[in-house]
Structures are given as structure tokens and as C-alpha cells.
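Working notes, structure below.
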Amino acid sequence: MPDTPLLDTVKFPADMRGFDIAQLKQLAQEVRAETIDAVSVTGGHLGAGLGVVELTTALHHVFETPKDILIWDVGHQCYPHKILTGRRDRIRTLRQPGGLSGFTKRSESDYDPFGAAHASTSISAALGFAAARDQRGEKNKVVAVIGDGSMSAGMAYEAMNNAAEATNGQLMVILNDNDMSIAPPVGGMSAYLAGLVSGGAYQNVRRLGRSVAQHLPRPFRNAAKKAEEYARGMVTGGTLFEELGFYYVGPIDGHDMENLVPILKKAAAIEDRPVLVHVVTQKGKGYAPAESSADKLHAVVKFDVISGKQDKSVSNAPSYTKVFGTELIKHAKIDPSIVAITAAMPSGTGLDLFGQAFPERTYDVGIAEQHAVTFAAGLAADG
Ligand SMILES: Cc1ncc(C[n+]2csc(CCOP(=O)(O)OP(=O)(O)O)c2C)c(N)n1
């Protein structure tokens, strides 16, 4: 078991609201060690959780969960969140019979306001919570955390398109951009985000706002808000998110607590329009075997913490996915009209094999099943 002197004093987020930045940094490290140790026993989703350890710690410090609503997209990255929200004593029961769920679950905790497992639902759900809050005349904050992979689904855009009309109060979307889905991300949106990151290079919005203000004419110099707007405009230009009515902040380094906490606080104070905070993180962060593996240890079975070696039992039976993939290849060799479509799941469907054999006849459409089906229908309609 890892040494966790500070984490041992935190059962619920209220216990860490008074922490300073140094303590939050240490707490995050201890949560990371605890996550690795727990998953080494239970197996489960590892890489995504490790990437959001600092973000999880910062969010529960800045927001008054569970009164403030925190919704994790998919929910596969929520193990650090469970450790900090009263479930640490059961964290080594993750995904075991009678144990904790591997995803967020309403019946499990007040800190899980919305259940998930399917991707790309978080912005719609958060908007629902925001509208319900407005209807009741309350003031609690609502935050959705969504990955760049999950941002490839139409529903995320349907929700953003509706946001400014469905609420006139606070709504924060955190785009957790680790430039990974399960496989490398695909599509125009992924390229767009990469452009924002390389153009903006981890800006500290406050520092940037200040330095730009020094170069502005005097009437602007005192108007901090104007200066910051100007700074943001210079960094990113008009973004797609701005066009959709969101105030865009970022891109910021999601592992740098010193930036993360003040920027989240500042962004949380925006109450008159939805805000999108673009946070750059590294999937598998802080655990060398995860950082260096091709899929950043997205999902694992039991493993040895020191070596990272997984306890994979060797089976002589072929997997369903392998049978499917090889059989499809066999048919495709005879029938040139066969193509394959996957929704961000090449290895999970056996179509990674098909993609190696027929790269030109394989389509990864992103996490976009609805599109995949109608795209297939279009292909079929034309033979
Ligand atoms: C509708 C749907 N399709 C596919 C999946 C399988 N799936 C689970 S996590 C994931 C990748 C998510 O990527 P991202 O949102 O970037 O999160 P990350 O794991 O990188 O943190 C996929 C494709 C799913 N959960 N839901």
C-alpha cells in the first residue's frame, strides 16, 4: 500500500477545501499512487484516471461538490473522484461483485449526480442540470468534463448548440484534451484541437492577461477584463466554441496545479454565459508503464505495480473479436464491395486486423455510432 499521509486526512472534498496549492499537489500525488495500487488489484480503466488526477483534485477543491454538480463523461476516468468522495475504503472492490461500479452511478453516491458508461452524454446532462437549477431559482454550479475523443460525437455539439438558449446561468464544460481516444483520435475536430494547443501552448491566462495589459494604451490598462479578452483573442483567435456561444479559456496545462486552481476559480465566476475550459492532459500521467504503452493503459487486468506487467492468462480459445476480424478479411478478399466501419473501437471490434489488411476500405468515424449507421446506409445504398 502506498504511503498517503495527507490523503488519510481527506474522506470528503470538504476536508481539502482549505488546502493550499502545495498541499493540493501532494494530495494529487497520493491519489495517483492510490489509484495505481487499487487498479493493480482489481483491473479496470487506468490511463484516463491517471490523466485527470490533478484536475479531479482541483475541481473538488474549487467547487462545492456535491451541491455543485460534477459530471464525468463516460465515467471511466472517475476512480480518483471516487477516492476523494467517501469511497476510498471500498476502492479495492471496483468492478467486483457487490463492489463499487467502474463508472459513475447515482445510487452509489451523492457525488455521482449522473450515471454514464456510454460516451458523449455529459454536456447534454449538465445542461439539463443547469436548466433545472434555473427553474428552481437556485445558484449551484454545474460542470461537465468531456474527453477529446468523446467530443467527436454529434450529441456534444447538439448540446453546445442548445446551451445558450437552455440556460442563462452558469455552465462549465471542461474539455479534457489528452489527444487520445482508446486508439489515436480521428477527424477534423481532433486536428482543430491540436491546432489550438500548438498555437496557444499552455497559457497561464492570468499571467498572459497581465503581460498583454502592459502593452496596451492606458484606457485599456486599467480594464483588466478587456485586457484578458484581448489576450485570449490574440492567443486563439475566434474559436468554434466562441461561435457556439461559449466563453473559451485555454488551452491550459491540466497537471499544473498552480495554474489550474486560479483559472478554474476565475472561470467558475462567469455566470452569464456558458464557458469552455480547454485543459491539456497526458493520458497515463505519472506511471511510466502507462505513459509508454501505445494505448496509455486505457484498460488493464491485474498487474504488478513495479514492472507494470499484466496478469494476462493465456487462453487457447480465440477471442470473438479475432474470429470476427479474420473472417471479415476472408470475405473481403473475395468481395471487393465489403468495407468496415468502426466508431473509435478498432481493437475492441477486431477491425484493427481488417484495417491492416485493407487500410483503404476501413473507416474509423470517431465516437459517432449514429453517424456510422447512416454512413453505412449511404454506402450500402450505392452498392
Ligand atoms: C457511445 C460509445 N462508444 C464507444 C465507447 C467506448 N469508449 C469508452 S472510452 C472511449 C474513449 C474516450 O476517449 P476520450 O473521451 O478522449 O477519453 P480518454 O479515455 O482519452 O480520457 C471509447 C471509445 C463508449 N463508451 N461509448
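Side-chain atoms are counted along with the backbone in the values below, which use heavy atoms only and exclude waters and symmetry mates. This structure is a prediction, so every number in the text was calculated from the model and none was measured. Order of listing sets the numbers, starting from 1, for every ligand and every atom in it.
With respect to the salt-bridge test (charged N to carboxylate O, under 4.0 angstrom), the residues Asp37 and Arg32 do not qualify. Contact check on Asp179 versus Lys296 returns no salt bridge, with no Lys/Arg side-chain nitrogen under 4.0 Å from an Asp/Glu carboxylate oxygen. Ion pairing between Glu54 and Lys285 fails under the 4.0 Å rule for side-chain N and carboxylate O. Salt-bridge annotation for Glu34 and Arg92: present, with a side-chain N of the basic residue lying under 4.0 Å from a carboxylate O of the acidic one. Contact check on Glu271 versus Lys141 returns a salt bridge, with a Lys/Arg side-chain nitrogen under 4.0 Å from an Asp/Glu carboxylate oxygen. Taking 4.0 Å as the cut-off between side-chain N and carboxylate O, Arg273 and Glu242 count as a salt-bridged pair. With salt bridges taken as basic N to acidic carboxylate O contacts below 4.0 Å, none links Arg17 and Glu64.
The nearest protein atom to atom 23 (C) of ligand 1, hydrogens excluded, is given as Ile367 CD1, 3.6 Å; this is a heavy-atom distance. Regarding atom 3 (N) of ligand 1, its nearest protein heavy-atom neighbour is Glu369 OE2, 2.6 Å. For atom 15 (O) of ligand 1, the nearest non-hydrogen atom of the protein is Ser150 OG, 2.6 Å.
Contact annotation: for Met345 versus ligand 1, heavy atoms closer than 4.0 Å belong to the side chain alone. At a 4.0 Å heavy-atom cut-off, ligand 1 touches Asn178 through the side chain alone. Of the heavy atoms in Ala117, only backbone atoms (N, CA, C, O) come closer than 4.0 Å to ligand 1. No part of Gln77 comes within 4.0 Å of ligand 1, judged by heavy-atom distances.
Under the 4.0 angstrom criterion for non-hydrogen atoms, His298 is in contact with ligand 1.
Between Ala116, Ser181, Gly149, it is Ser181 that holds the heavy atom closest to atom 11 (C) of ligand 1.
Ring to ring, His45 and Phe103 are close: their centroids are under 6.0 angstrom apart.
Annotation for ligand 1: atoms under 4.0 Å from non-hydrogen atoms of His76 are 9 (S), 17 (O), 18 (P), 19 (O), 21 (O). Contact atoms of ligand 1 toward Lys283: 18 (P), 19 (O), 20 (O) (distance under 4.0 Å to a heavy atom of the residue). For ligand 1, the atoms closer than 4.0 angstrom to any heavy atom of Gly147 are 14 (P), 15 (O), 16 (O).
In terms of polar-atom proximity, defined here as any N/O pair under 3.5 Å, Ala119 does make such a contact with ligand 1. Considering backbone and side-chain atoms together, His118 places no N or O closer than 3.5 Å to any N or O of ligand 1. The N/O atoms of Ile182, backbone and side chain alike, include none that comes under 3.5 Å of an N/O atom in ligand 1. Looking at Ala48 next to ligand 1, no N or O pair under 3.5 Å apart turns up.
Between atom OH of residue Tyr247 and atom CE of residue Met172 there is a gap of 11.5 Å, rounded to the nearest 0.5 Å.
Partners of His61 by ring-ring contact (aromatic ring centres under 6.0 Å, His included), not counting sequence neighbours: none found.
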